[in-house]
Amino acid sequence: MTQLADIKKINVDINKIENEFIAEKKISLSVLRLDKIHPEISGNKFFKLYYFLEQAITEQKKIITFGGAYSNHLAATAGACKEFGLNCIGIVRGEEPKNISHTLLFCKKQGMHLEFISREKYNRKDGEDFKIELTDKFGDHILIPEGGYSIKGAEGAALISNLYQSTDFDYICCAAGTATTLSGLIKSSTPSQKIIGFNALKDLANFEARIQFLLSSHVDKNYSLINDFHFGGYAKKTSELISFINKFYEAFAIPTDFVYTAKMMYGVFELIKRNYFPAGSKIICIHTGGLQGNLSLPAGTLNF
Ligand SMILES: *Cc1c(COP(=O)(O)O)cnc(C)c1O
């Protein structure tokens with residue numbers, strides 16, 4: 001990638017998932033491989049960052065954003081800032097441990113400056129006082145909310161729809177954390193399409209209010225949030241989920257991550273089993289990347 005705008009027209013693989021069960025249900029199932037767009041900046045995060053990066057490049061400003069020790073968002077921001085020659089600061093939740101996570105090590109390697117703050121202070125990060133403190137300490141900057149949760153983030157996520165032919169699909173599935181990516185997909189959808197979010201959190205607070213905030217103008221309700229496949233909550237896992245990841249990779253050679261994309265794919269198969277999708281449905285699942293998160297699993301857990 002040489003220019004930021006290249007991401008709008010990048011060629012991304014769409015893999016067809018075929019087996020007897022899916023054929024019997026008369027479903028067409030595909031996966032958009034956003035995990036493959038860039039070695040360091042995988043998945044939906046790049047798109048959510050798009051308009052922030054554009055502004056930072058134009059105005060030559062540094063970026064400040066937030067996340068926890070395993071945050072895909074921090075990793076993607078660090079990778080993107082390196083790629084486009086921007087300075088960036090990551091505000092990390094919790095005191096600095098002796099051994100920092102593989103995610104934070106990666107961020108440092110990309111040149112991100114890490115600033116650890118207490119959880120108590122982190123909870124106040126959206127307040128005016130904290131924002132003033134950031135400006136005093138780091139000067140003029142562009143602030144990106146945690147996880148890219150913002151109208152701008154949703155507008156960036158809407159660019160994902162450039163990468164597939166809209167008329168080819170009736171259902172668009174994606175994993176949901178802050179619901180920003182889901183909102184972008186809703187924004188760019190046609191009225192006859194249905195967008196299905198698979199909640200990766202146990203309690204995604206006020207989902208409808210989030211969608212309203214992120215999509216100030218969208219009125220059609222062509223979306224649903226499925227809450228049945230979080231496997232105990234954010235970043236929780238069971239042996240069944242791990243076994244699914246390995247079987248899915250064995251069958252289709254697509255790696256998934258245990259926090260988001262595996263839960264979505266598991267959920268999609270379950271819904272197909274439950275005849276949620278009418279025969280003849282054409283489904284595209286957005287592989288939102290996040291594979292770096294699997295590095296927190298013990299070695300040998302996964303077969304890829
Ligand atoms: C962050 C993330 C999501 C969730 O995206 P939201 O826009 O916050 O809903 C989904 N999948 C992966 C792999 C992610 O890293």
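Order of appearance sets the numbers: ligands from 1, and atoms from 1 within every ligand. Computed from a predicted structure; not experimentally measured.
Note that Lys45 lies in the cation-pi zone of Tyr260, set by a 6.0 Å cut-off to the ring centre and a 45° limit from the axis. Cation-pi contact between Lys194 and Tyr171: absent, since separation from the ring centre below 6.0 Å together with deviation from the ring axis within 45° is not met.
Distances below 4.0 Å separate heavy atoms of Gly290 from the following atoms of ligand 1: 13 (C). Distances below 4.0 Å separate heavy atoms of Asn72 from the following atoms of ligand 1: 14 (C), 15 (O). The atoms of ligand 1 that sit less than 4.0 Å from any heavy atom of Ala176 are 9 (O).
Here the shortest heavy-atom pairing between Lys62 and Asp140 reads CG-O, 3.7 Å. Minimum interatomic distance between Gly68 and Val92 (heavy atoms only, all atoms of both residues): C-CG1, 4.4 Å.
Heavy-atom distances between Lys48 and ligand 1 reach below 4.0 Å in at least one pair. Ligand 1 is approached by Asn44 to a heavy-atom distance shorter than 4.0 Å. The closest approach between Gly289 and ligand 1 falls below 4.0 Å for a heavy atom of the residue.
Tyr266 and Phe198 have their aromatic ring centers separated by at least 6.0 angstrom.
At a heavy-atom cutoff of 4.0 Å, ligand 1 is contacted by both the backbone and the side chain of Thr288. Only the side chain of Lys45 comes within 4.0 Å of ligand 1, counting heavy atoms alone; its backbone N, CA, C and O stay farther away.
By the side-chain contact (heavy atoms from CB on, under 4.5 Å) test, Lys125 pairs with Phe66, Tyr122, Phe130, Glu146, sequence neighbours left out.
A tilted orientation is assigned to the rings of Phe304 and Tyr249, their planes being inclined by 30° to 60°.
Considering only non-hydrogen protein atoms, atom 8 (O) of ligand 1 sits nearest to Thr178 OG1, 2.6 Å. Atom 9 (O) of ligand 1 has Gly177 N, 2.7 Å as its closest protein atom, hydrogens excluded (heavy atom only).
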